[in-house]
Amino acid sequence: MSFPLYAPAEEHEMLRETVRALADEKIAPRAAAADENEEFPWEVYKDLVAADLQAVHIPEAYGGAGADALATVIVIEEVARACASSSLIPAVNKLGTVPLLLSASEDLKQRYLRPVAAGEAMFSYALSEPEAGSDAAAMKTRAERDGDHYVLNGTKMWITNAGVSEYYTVMAVTHPSAGARGISAFVVEKDDEGVSFGPKEKKLGIKGSPTRQVILENVRIPESRMIGEPGTGFKTALATLDHTRITIAAQALGIAQGALDHAIGYVKERKQFGKRIADFQGLQFMVADMAMKLEAARQLTYAAAAKSELAMNGTPVKDLTFFSSAAKCAASDAAMEITTDAVQLLGGYGYTRDFPVERMMRDAKITQIYEGTNQIQRMVMARQLLK
Ligand SMILES: Cc1cc2nc3c(=O)[nH]c(=O)nc-3n(C[C@H](O)[C@H](O)[C@H](O)COP(=O)(O)OP(=O)(O)OC[C@H]3O[C@@H](n4cnc5c(N)ncnc54)[C@H](O)[C@@H]3O)c2cc1C
């Protein structure tokens, strides 16, 4: 009899060591420049591809490493510990491709997952619009049928890694009178005629990851690019988030761990009043609280990952939606608190770009906002509890 795994196995810990070594050696040294120059870290991408870590979740049947959800969490966590922007490479590759894994035809999976597994293409996810954020079902992007093609028109907003990704899962309205049941999902390619991108958003954090509008003007694509049946796109979009909110939790854990590690190193070195500041009990309690919140969020995230893995393999998991929202919400709130406290522990130095904790504090903020704000996560959890 097999039981769900809630704790990492030896293989998971070995994977963690591998990713941590790569992150310390190759990703951390480039993190400040990716932030400062607001440039996508292509060198990091190449290193992740060389180590086969850019999209570990893709099953072996599509040329991938076939890593389970917990292994994927660990990869994202360890990359984020060094550079949150870089962690969006494995995270968004998962976000863009889970709709295909859940709902697409075998042909579509074979065609679009293999290049991602091979490191030849990245995949973004385009749900949000300028007027439809938390209320994503209010989207206006239209996909109108024209013979055996669809013609897409509209503007998707805030799309992570837009412009650097080759492929996009795009949700669009096919049946305007049917509400959320009138939304369908499609694969759109960067090179499809009529696809263009807005300028890079000028953001507080994750500056190494481009966030841009995806503008669709009379983009004509074959009907075979629809993911699943007509009208199932919104359902697929939400089912995807059940799995990928856990990866945002992983990103938050990594950012928080990076800040905590740095702050611990600092307070053991820095002297004031003739002693190490680590000897002041006021700071000891802060460090203990930071580590406690982080570990609680980590255990919840790993439990959620175990449930995600079960669900991906076809076992119905009634509380996956609750767990993925709870993990994302708890880990991102913890990351915001922990990174803010890390800046505090470094005093004035923490407030400068000479140390990484201010970047980590800015990067942590997004984890409370995307893939549903934490207000929306609380709504989702309450709905599960009260239904
Ligand atoms: C850097 C970045 C990257 C992103 N990447 C992607 C991506 O790759 N793909 C994608 O599709 N989207 C992406 N998003 C979009 C993101 O998911 C949305 O920004 C988010 O869902 C919130 O939508 P909104 O910005 O329109 O805010 P709004 O929905 O306008 O919310 C504004 C405020 O109102 C609150 N609020 C709204 N409704 C309620 C309610 N019913 N009850 C209580 N409070 C409520 C919100 O919590 C928030 O505090 C990204 C966003 C950012 C900033």
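Atoms within a ligand are numbered from 1 in the order they appear, just like the ligands themselves.
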* Asked: For ligand 1, is any non-hydrogen atom under 4.0 Å from T211's backbone (N, CA, C, O), its side chain (CB onward), both, or neither?
  -> side chain
* **Lys/Arg N to Asp/Glu carboxylate O, E201 vs R212, below 4.0 Å** => no
* Purely on distance, is any nitrogen or oxygen of L127 under 3.5 Å from one on ligand 1? -> yes
* Does E166 pair with R111 as a salt bridge, N-O distance under 4.0 Å? -> no
* **Protein contact to atom 12 (N) of ligand 1 [nearest heavy atom, distance to 0.1 Å]** => S128 OG, 2.7 Å
* Carboxylate-amine/guanidinium proximity below 4.0 Å for D35 and R30 -> no
* Heavy atom under 4.0 Å from ligand 1: found in K203's side chain, backbone, both, or neither? -> side chain
* Structure fact -> For T160, the atoms of ligand 1 under 4.0 Å from one of its heavy atoms are 3 (C), 4 (C), 5 (N), 6 (C), 7 (C), 8 (O)
* Who's closest to atom 21 (O) of ligand 1 heavy-atom-wise, of A136, G372, S124? -> G372
* To do: State the atoms of ligand 1, each with its element, that fall below the 4.0 Å cut-off from a heavy-atom position in M379.
  => 40 (C), 41 (N), 42 (N)
* Measure from atom 26 (O) of ligand 1 to every heavy atom in G133, A91, A237, G205 and give the option owning the shortest one. => G133
* Asked: Should the ring pair F355 and Y266 be called parallel, tilted or perpendicular, given that the plane angle runs from 0 to 90° and is split at 30 and 60?
  -> perpendicular
* Could you find the nearest protein heavy atom to atom 9 (N) of ligand 1 and give me its residue, atom name and distance? => Y125 O, 2.8 Å
* Asked: Does D24 come within less than 4.0 Å of R81, counting only side-chain N to carboxylate O?
  -> yes
* Test item: protein heavy atom less than 4.0 Å from atom 37 (C) of ligand 1 -> yes
* To the nearest 0.1 Å, how far is atom 39 (C) of ligand 1 from its closest protein heavy atom, and which atom is that? -> I376 CD1, 4.0 Å
* Have a look at ligand 1 and work out which part of I366, if any, has a heavy atom under 4.0 Å from it: side chain, backbone, both or neither. => side chain
* Structure fact -> In this structure, CG of L216 is separated from CZ of R142 (nearest 0.5 Å) by 13.5 Å
* Does atom 33 (C) of ligand 1 have a protein non-hydrogen atom under 4.0 Å from it? -> no
* Asked: Against heavy atoms of I369, which atoms of ligand 1 measure under 4.0 Å?
  -> 20 (C)
* To do: Check the side chains of H243 and S308 for a donor-acceptor pair under 3.5 angstrom, ignoring hydrogens and angles.
  => yes
* **Polar side chain donor-acceptor pair, D68 to H12, under 3.5 angstrom** => yes
* To do: Look only at interatomic distance and state if S134 has a nitrogen or oxygen under 3.5 Å from any nitrogen or oxygen of ligand 1.
  => yes
* Asked: What protein heavy atom sits nearest atom 49 (O) of ligand 1, and how far off is it?
  -> Q375 OE1, 3.5 Å
* Just checking, any donor-acceptor pair under 3.5 angstrom between side chains of S332 and N374? -> yes
* **Between Y370 and Q251: side-chain donor-acceptor atoms closer than 3.5 Å** => yes
* To do: Using a strict 4.0 Å cut-off to heavy atoms of E371, name the atoms of ligand 1 that fall inside it.
  => 17 (O)
* **Verify atom 1 (C) of ligand 1: protein non-hydrogen atom under 4.0 angstrom away** => yes
* Asked: Does some non-hydrogen atom of the protein lie less than 4.0 angstrom from atom 30 (O) of ligand 1?
  -> no
* Applying ring pair (Phe, Tyr, Trp, His ring centres under 6.0 Å), which residue pairs with at least one partner in residues 177-232 are found, sequence neighbours left out? -> Y150-F186, Y168-F197
* Given the rule in the side chain to side chain donor-acceptor pair (under 3.5 Å) test, do K190 and S165 qualify, once you have shown the distances and angles that lead to the verdict? -> CA-CA 7 Å; K190 178 183 179 174; S165 287; over 6 Å; no
* Asked: T373 heavy atoms, cut-off 4.0 Å: which ligand 1 atoms fall inside?
  -> 22 (C), 46 (C), 47 (O)
* Asked: Cationic tip of K307 within the cone over F323's six-membered ring, i.e. under 6.0 Å and within 45° of the normal?
  -> yes
* Asked: So which heavy atom in the protein is nearest atom 25 (O) of ligand 1, and how far is it from that ligand atom?
  -> W158 NE1, 4.0 Å
